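Numbers here simply count residues along the sequence, with the first being 1. These values consider heavy atoms only, across backbone and side chains, with no hydrogens, waters or symmetry-generated copies. What you see is a predicted model, and the numbers here were worked out from it, not measured in a lab.
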Amino acid sequence: MCGRTVCSLGADNLRRACAYRDSRGRRRQPEWINGDKHRPSYNRGPQSCGPVLLSRRHFEKGADSSERVLATMRWGLVPSWFKKDDPSKMPFNTSNCRSDTMLKKSSYKGPLLKGKRCVVLADGFYEWQQLDGGKQPYFIYFPQETNETAEGKEGDEEWKGWRLLTMAGIFDCWEPPAGGDMLYTYTIITVDASKDVSFIHHRMPAILDGEEAIRKWLDFAEVPTQEAVKLIQPTENIVFHPVSTIVNSVRNDTPECLVPIELGGKKQVKATASSKGMLGWLKSSQEGSPKKEENELPRWTSQFIHSPSPKKTSAGLLQQWLGKEGEPAAKKRKA
């Protein structure tokens, strides 16, 4: 399953991290539909809003289906046929969608057959291992190359920052029965866990590994549903490390949530000097910003008719990433 995600990049860097080549081979960055709604998070749970990638044709009927856009949607799919006046009255959980039943349950089958496929973007996700003494959380993500841990400079053609985890999702749009703005929501498709992470949990998100898989999943006009669903399978190309139980509460939304810990002793966060500096900067910058309502939802008018193996951890690279993410911001604050 997937119960929490992390997406720490701001709106501009998300665009750069999602650069792609269209059907003509041109390198492009996806346009934001509602980038002002995006809020970076280190501990995002269901019912909150997060970034997804989808085909532009969902918003412009005549657009090239290979073109992509970014949108902020609420996590937890509300099907278009839901008749209640309040989406919070959904009688069942739709934050995750099992791959083996997605073509059987009407909540997912309808939008899936209509091509409403999206890619849910995240630095990675948290999962909990059930132990006798409680649950131990882990952070799970793509392996990071050394030269990818440094955030690219403004104007760089290639993104050199954190490689985003790209999860297969389904979205839908719901209109209140009494009328009003449409609400866009999504669900993350899950599959049986791969061998390396099955000791943590028996389910995992369906991860699209590589540009070709992302292209096929998003291009609903050229790739039919029957072909696209073949992409939905477990992947071994992921790494992980244990993190502090502070992630158990979504109220804890700081870089500390990602920092590796050592199991067997006191489970205290190992914060580097640079990540501590980033925490201070985030705190001071948030104090001067207006608070965002927890239940604020993205609305806009529709335009479309064992124990972890050392080989499976990039903990050192993650700490470098936390440092490089924090240092420029701290320096800018002092300037």
K.L.:
Go through it in stages, so that I can follow the logic: the residues are N93 and S95, the test is side-chain hydrogen bond (donor to acceptor under 3.5 Å, both in side chains), and I'd like the CA-CA distance, side-chain angles, deciding distance and then a yes or no.
P.N.:
CA-CA 6 Å; N93 188 329; S95 58; 2.8 Å; yes
K.L.:
Under the side chain to side chain contact (heavy atoms under 4.5 Å, CB included) criterion, do K109 and K104 qualify, and how do the steps go?
P.N.:
CA-CA 6 Å; K109 180 179 179 180; K104 298 176 183 178; over 6 Å; no
K.L.:
Assess whether a salt bridge exists between R28 and E67, defined as any Lys/Arg side-chain N lying under 4.0 Å from an Asp/Glu carboxylate O.
P.N.:
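Salt bridge between R28 and E67, a charged N being under 4.0 Å from a carboxylate O: yes.
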K.L.:
Just to verify, what does E222 make a salt bridge (Lys or Arg N to Asp or Glu O under 4.0 Å) with, not counting sequence neighbours?
P.N.:
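Applying salt bridge (Lys or Arg N to Asp or Glu O under 4.0 Å) to E222 gives none.
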K.L.:
Of all the heavy-atom pairs spanning M102 and C97, show the shortest one and how long it is.
P.N.:
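M102 and C97 have their closest heavy atoms at CB-SG, 3.3 Å.
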K.L.:
Taking atom types as modelled, find out whether T190 and N96 have a side-chain donor-acceptor pair closer than 3.5 angstrom.
P.N.:
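There is no such pair between these side chains.
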K.L.:
Using the benzene-type ring in the case of Trp, are the ring centres of Y138 and F199 under 6.0 Å apart?
P.N.:
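Centroid separation for Y138 and F199: below 6.0 Å.
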K.L.:
On the ring face of Y20, is R68 found with NZ or CZ under 6.0 Å from the centre and within 45° of the axis?
P.N.:
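That pair qualifies as a cation-pi contact.
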K.L.:
Between I188 and F125, is any pair of side-chain heavy atoms under 4.5 Å apart?
P.N.:
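I188 does not reach F125 side chain to side chain.
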K.L.:
Which atom pair, heavy atoms only, marks the closest approach of P137 to T245?
P.N.:
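P137 and T245 have their closest heavy atoms at CD-CG2, 3.8 Å.
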K.L.:
Does some side-chain heavy atom of W75 sit less than 4.5 Å from a side-chain heavy atom of C49?
P.N.:
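No, too far: nothing below the 4.5 Å cut-off.
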K.L.:
Checking side-chain polar atoms at under 3.5 Å, does N43 have a donor or acceptor matched by the opposite partner on D253?
P.N.:
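Absent: no donor and acceptor within the cut-off.
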K.L.:
Less than 4.5 Å apart, any side-chain heavy atom of F240 and any of F139?
P.N.:
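When only atoms from C-beta onward are counted, F139 and F240 do not touch, as no gap falls below 4.5 Å.
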K.L.:
To the nearest 0.5 Å, tell me how far K135 NZ sits from N248 CG.
P.N.:
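If I round to the nearest 0.5 Å, the distance is 8.5 Å.
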K.L.:
Is a donor from one side chain sitting under 3.5 angstrom from an acceptor on the other, for Q47 and R74?
P.N.:
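Yes.
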K.L.:
Applying side chain to side chain contact (heavy atoms under 4.5 Å, CB included), run through D172 and V78 and close with a yes or a no.
P.N.:
CA-CA 7 Å; D172 208 348; V78 179; over 6 Å; no
K.L.:
OG1/T235 to CG/L208 distance, rounded to the nearest 0.5 angstrom?
P.N.:
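With rounding to 0.5 Å, OG1 (T235) is 9.5 Å from CG (L208).
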K.L.:
Mark yes or no for whether W32, through its side chain, and A11, through its backbone, hold a donor-acceptor pair below 3.5 Å.
P.N.:
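Side chain of W32 to backbone of A11, a donor-acceptor pair under 3.5 Å: yes, one is there.
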K.L.:
Check the pair T185 / F171 against side chain to side chain contact (heavy atoms under 4.5 Å, CB included), numbers first and verdict last.
P.N.:
CA-CA 6 Å; T185 58; F171 77 94; over 6 Å; no
K.L.:
Look only at the side chain of D22 and the backbone of G25, and say whether a donor-acceptor pair between them is shorter than 3.5 Å.
P.N.:
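Here the side-chain-to-backbone pair exists.
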K.L.:
Run E31 and R56 through salt bridge (charged side-chain N to carboxylate O under 4.0 Å, His left out) and show every step you take.
P.N.:
CA-CA 9 Å; E31 178 187 350; R56 179 182 288 277; 2.9 Å; yes
K.L.:
Under a 4.0 Å threshold between the charged nitrogen and the carboxylate oxygen, would D100 count as salt-bridged to R98?
P.N.:
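The answer is yes: the pair qualifies as a salt bridge.
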K.L.:
Would you mind reporting whether C173 and S80 have side-chain heavy atoms less than 4.5 Å apart?
P.N.:
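No; the side chains remain at least 4.5 Å from each other.
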K.L.:
How far does OG of S55 sit from CH2 of W217, to the nearest 0.5 angstrom?
P.N.:
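It comes to 13.5 Å.
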K.L.:
So if you build clusters from Ile, Leu, Val, Met, Phe, Trp, Tyr with side-chain heavy-atom gaps below 4.5 Å, do V250 and Y42 land together?
P.N.:
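No; tracing contacts between hydrophobic side chains, which count when under 4.5 Å, never links both residues.
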K.L.:
Between N13 and W159, do the side chains contain a donor N or O and an acceptor N or O under 3.5 Å apart?
P.N.:
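N13 and W159 do not have a side-chain donor-acceptor pair below 3.5 Å.
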K.L.:
Restricting to non-hydrogen atoms, name the atom on R4 and the atom on W128 that form the minimum distance, rounded to 0.1 Å.
P.N.:
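In terms of heavy atoms, the two residues are closest at CG-CH2, 3.4 Å.
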K.L.:
Partners of R15 by salt bridge (Lys or Arg N to Asp or Glu O under 4.0 Å), sequence neighbours excluded?
P.N.:
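For R15, no residue satisfies salt bridge (Lys or Arg N to Asp or Glu O under 4.0 Å) once neighbours in sequence are set aside.
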K.L.:
I'd like to know if the side chain of T187 and the backbone of T94 have a donor-acceptor N/O pair within less than 3.5 Å.
P.N.:
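Checked: pair present.
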K.L.:
Do you know the tightest heavy-atom contact between C7 and P51?
P.N.:
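Scanning both residues, the minimum pair turns out to be SG-CG, 3.7 Å.
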K.L.:
Could you report the tightest heavy-atom contact between R57 and A221, atom names first, then the distance?
P.N.:
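Looking at all heavy atoms of both residues, the closest pair is NH1-CB, 3.4 Å.
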K.L.:
With a 4.5 Å heavy-atom cut-off, do V52 and L121 have their side chains touching?
P.N.:
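A side-chain contact is absent here, since even the closest heavy-atom pair is not under 4.5 Å.
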K.L.:
Atom OG1 in T72, atom OH in Y184: separation rounded to 0.5 Å?
P.N.:
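Those atoms lie 13.0 Å apart.
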K.L.:
Within this structure, what is the SG-CE distance for the pair C118 and M167, rounded to the nearest 0.5 Å?
P.N.:
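Here the interatomic distance stands at 10.0 Å.
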K.L.:
In chain order, what residues pass the ring-ring contact (aromatic ring centres under 6.0 Å, His included) check against F220, with sequence neighbours excluded?
P.N.:
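Scan of F220 (ring-ring contact (aromatic ring centres under 6.0 Å, His included), adjacent residues dropped) gives H58.
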K.L.:
Is the shortest distance from a Lys or Arg side-chain nitrogen in D192 or R203 to a carboxylate oxygen in the other one below 4.0 Å?
P.N.:
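Salt bridge present between D192 and R203.
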K.L.:
Would you say that F59 contacts V69 through its side chain, given a criterion of any heavy-atom pair below 4.5 Å between the two side chains?
P.N.:
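F59 reaches V69 side chain to side chain.
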K.L.:
So, D64 and R26, do they make that salt bridge, N to O below 4.0 Å?
P.N.:
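No.
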K.L.:
For H201, give me all partners under ring-ring contact (aromatic ring centres under 6.0 Å, His included), at least two apart in sequence or on another chain.
P.N.:
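Here no residue qualifies.
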K.L.:
Identify every side-chain donor-acceptor pair in residues 223-234 under 3.5 Å, counting partners at least two apart or on other chains, and give the distances.
P.N.:
unit_1	atom_1	unit_2	atom_2	d
T225	OG1	L112	O	3.4
E227	OE1	K230	NZ	3.4
Q233	NE2	K230	O	3.3

K.L.:
Distance alone, cut at 3.5 Å: any donor-acceptor contact between the side chains of D86 and S88?
P.N.:
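Yes, side-chain donor-acceptor contact under 3.5 Å.
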K.L.:
Check whether any side-chain heavy atom of F82 lies under 4.5 Å from a side-chain heavy atom of S107, and answer yes or no.
P.N.:
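SC-SC contact between F82 and S107 ruled out.
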K.L.:
Suppose we call two aromatic rings close when their centres sit under 6.0 Å apart. Are Y141 and W162 close by that rule?
P.N.:
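Aromatic pair counts; centres sit under 6.0 Å.
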K.L.:
Looking at L53 and C18, what are the two nearest heavy atoms and their distance?
P.N.:
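Nearest heavy atoms, L53 then C18: CD1-CB, 4.4 Å.
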K.L.:
So, does S66 use its side chain to make a donor-acceptor pair with the main chain of S23 at under 3.5 Å?
P.N.:
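A pair under 3.5 Å: yes.
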K.L.:
Any non-hydrogen side-chain atom of R44 less than 4.5 Å from a side-chain atom of T5?
P.N.:
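Yes - at least one pair of side-chain heavy atoms lies under 4.5 Å apart.
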K.L.:
Sequence neighbours left out, what passes side-chain hydrogen bond (donor to acceptor under 3.5 Å, both in side chains) with E212? Give chain and number order.
P.N.:
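Result, side-chain hydrogen bond (donor to acceptor under 3.5 Å, both in side chains) vs E212: R215.
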K.L.:
So, H38 side chain and D12 main chain: donor-acceptor pair closer than 3.5 Å or not?
P.N.:
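No; zero donor-acceptor contacts below 3.5 Å.
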K.L.:
What is the distance from atom CZ of R16 to atom NZ of K160, rounded to the nearest 0.5 Å?
P.N.:
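That separation rounds to 8.5 Å.
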K.L.:
Please report the C-alpha distance between L165 and V120 in whole Å, then the side-chain angles of each, then the deciding distance to 0.1 Å, and finally whether the side chain to side chain contact (heavy atoms under 4.5 Å, CB included) criterion is met.
P.N.:
CA-CA 8 Å; L165 197 67; V120 181; over 6 Å; no
